[in-house]
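Worksheet: the structure to be examined is printed underneath.
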Amino acid sequence: MNHKDASRVSSNVFDSVIVVGPNLNDRGGITSVINSYRAVFPAFHYLPTNSGHGFVCGAFVLGTTLVRLPFARLFKRRRLLHVHVASGKSFFRKSLIVAWGRILGYKIILHCHSGLIKDYAAARGADSLRPTFDKASTVVALTESWREYYRSTFGCRSVDVINNIVAPAEVKNFPPRRSEGPLHLLFLGKICEAKGIFDLLELMEANASRWRDRVRLVVGGNGETERLQEEIRRLGISDLVDFVGWVDGTRKEELLSAADLMILPSYAEGLPITILEAMAHGIPAIASDVGGIPEMMADGITGTIHAPGDRKAIADAIDFYLCNPGEITRRGKAALDSVVPYYPDRVLKSIEELYNKALS
């Protein structure tokens, strides 16, 4: 492609792309990423593949998107599908989009987010997922370790690493807010076993006698919320744990501004947005050594990393920050420096380069 053609592709690249993913009113990490794209893309054309109103509505939305794709290809001159995929039902829906898109002549970027894709591939068999990966012009991974996984497991030849995106925070958490009160831990995420939240509740109960009035855990999220509230009552830790439900916007900013530490004891992750949001606010994290976390955090520098399920290590980390409050500030500042590559201007440039490469 000559220089004139390259300039033409670059100037029109975002208008040539359809972004495909979940309903933008869904609650979750992928939706957060895509809504961040919508805020910064020069042109944003989006088609959802599910609905928040049950199976029938979801099937209708998926069918509508499948019908709209050929018209967008023929009349709108869209040439590239940027498909955001997780595991399970998400992967099945996106496999239909990818197959139909290839028939219609689209170039496909398959952007993989799920930290559970390894379990999904093991349960289904990697060979059953491979045809979808084979149809993609490029696979997008969240970190270098995920890039190697897609190469080795599915034989993907072209895999690019694109960071998740997080906006800079207007207010940074310096100094820490715990000088005259308890250490404030914040958990934001889906309420489920895979996130380790129920381990964390039992840990709070096991240490309640010495952490009362010294440690406070705030939990925000959706999922198994009734089970969570029942466990808080059963364990007798309502004076240590506050459940605030799903939070976003101003309420999330308030919680981040009041937090000393983000805590995420997950058993599986891709590249969690909650830790990026904490880093952007100058908040260190206590998080497990899974998925892309070790590549976004540095143990002892921007937070504390522990083995998944290691409750003693989590308790030791909490005790460390109780005894060394200055480390909250020091590691928070290091986290703030480390999050710069995830800011919108950096990620937008990487995506534009990715689109130009796919369309060339």
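This chain uses plain numbering: 1 for the first residue, then up along the sequence.
- Geometric assessment of Arg79 against the ring of Tyr106 yields a negative cation-pi assignment under the 6.0 Å and 45° thresholds.
- Looking at Asn324, its side chain never comes within 3.5 Å of a backbone N or O of Gly326 through a donor-acceptor pair.
- A donor and an acceptor atom, one from each side chain of Thr329 and Lys333, are nowhere located under 3.5 Å apart.
- Using a 4.0 Å cut-off between a side-chain N of Lys or Arg and a carboxylate O of Asp or Glu, Asp15 and Arg77 do not qualify as a salt bridge.
- In this structure, the separation between NE2 on His111 and CD1 on Ile34 is 8.5 Å, given to the nearest 0.5 Å.
- The distance between the ring centers of Phe91 and Phe133 falls below 6.0 angstrom.
- With salt bridges taken as basic N to acidic carboxylate O contacts below 4.0 Å, none links Arg27 and Asp248.
- The local environment of NZ in Lys190 is sparse, with at most 12 non-hydrogen atoms from other residues, nucleotides or ligands closer than 6.0 Å.
- For an aromatic pair to be called close, the ring centres must be under 6.0 Å apart, and Tyr355 with His82 satisfies this.
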* Does the side-chain contact (heavy atoms from CB on, under 4.5 Å) test come out yes or no for Met296 and Ile275, once each step is laid out? -> CA-CA 9 Å; Met296 66 194 297; Ile275 291 182; 3.8 Å; yes
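- Of the residues listed (Ile286, Leu185, Val215, Asp260), the one engaging Tyr321 in a side chain to side chain contact (heavy atoms under 4.5 Å, CB included) is Ile286, and it is the only one.
- Within the 6.0 Å centre-distance limit, the rings of Tyr37 and His84 are counted as a close aromatic pair.
- A side chain to side chain contact (heavy atoms under 4.5 Å, CB included) with Lys94 holds for exactly one of Val83, Leu62, Leu81; it is Val83.
- Phe71 does not carry Lys76 over the face of its six-membered ring by the limits of under 6.0 Å from the centre and within 45° of the normal.
- Counting heavy-atom neighbours within 6.0 Å of Arg210 CZ, excluding the residue itself, gives a total above 12.
- Note on Val33 and Val161: separate hydrophobic clusters, where clusters join Ile, Leu, Val, Met, Phe, Trp and Tyr whose side-chain heavy atoms are under 4.5 Å apart, directly or indirectly.
- Between Ser114 and Ser87, the side chains place a donor N or O and an acceptor N or O closer than 3.5 Å (distance only, hydrogens not considered).
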* Please test Lys349 against Asp345 for salt bridge (Lys or Arg N to Asp or Glu O under 4.0 Å), starting from the C-alpha separation and ending with a verdict. => CA-CA 6 Å; Lys349 182 178 179 181; Asp345 57 337; over 6 Å; no
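- Heavy atoms of other residues, nucleotides or ligands lying less than 6.0 angstrom from CZ of Phe60 number 12 at most.
- Looking at Glu230 and Arg227, no side-chain N of the basic residue comes within less than 4.0 Å of a carboxylate O on the acidic one, giving no salt bridge.
- Distance alone, capped at 3.5 Å, places no donor-acceptor pair between the Thr65 side chain and the Leu47 backbone.
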* To do: May I have the step-by-step check of salt bridge (Lys or Arg N to Asp or Glu O under 4.0 Å) for Glu327 and Arg330, ending in yes or no?
  => CA-CA 5 Å; Glu327 286 296 300; Arg330 186 181 72 81; 2.7 Å; yes
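- Between Arg346 and Tyr342, the side chains place no donor N or O within less than 3.5 Å of an acceptor N or O (distance only, hydrogens not considered).
- The pair Lys252-Glu277 counts as a salt bridge, with a side-chain nitrogen and a carboxylate oxygen less than 4.0 angstrom apart.
- Evaluated for a side-chain hydrogen bond (donor to acceptor under 3.5 Å, both in side chains) with Asp26, the options Asn35, Asn222, Asn50 yield exactly one hit, Asn50.
- Between Glu269 and Lys195, at least one side-chain N (NZ, or NE/NH1/NH2) sits under 4.0 Å from a carboxylate O, which counts as a salt bridge.
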* To do: For Leu183 and Ile328, run side-chain contact (heavy atoms from CB on, under 4.5 Å): C-alpha distance rounded to whole Å, both residues' side-chain angles, the deciding distance at 0.1 Å, then the answer.
  => CA-CA 10 Å; Leu183 182 72; Ile328 298 174; 3.6 Å; yes
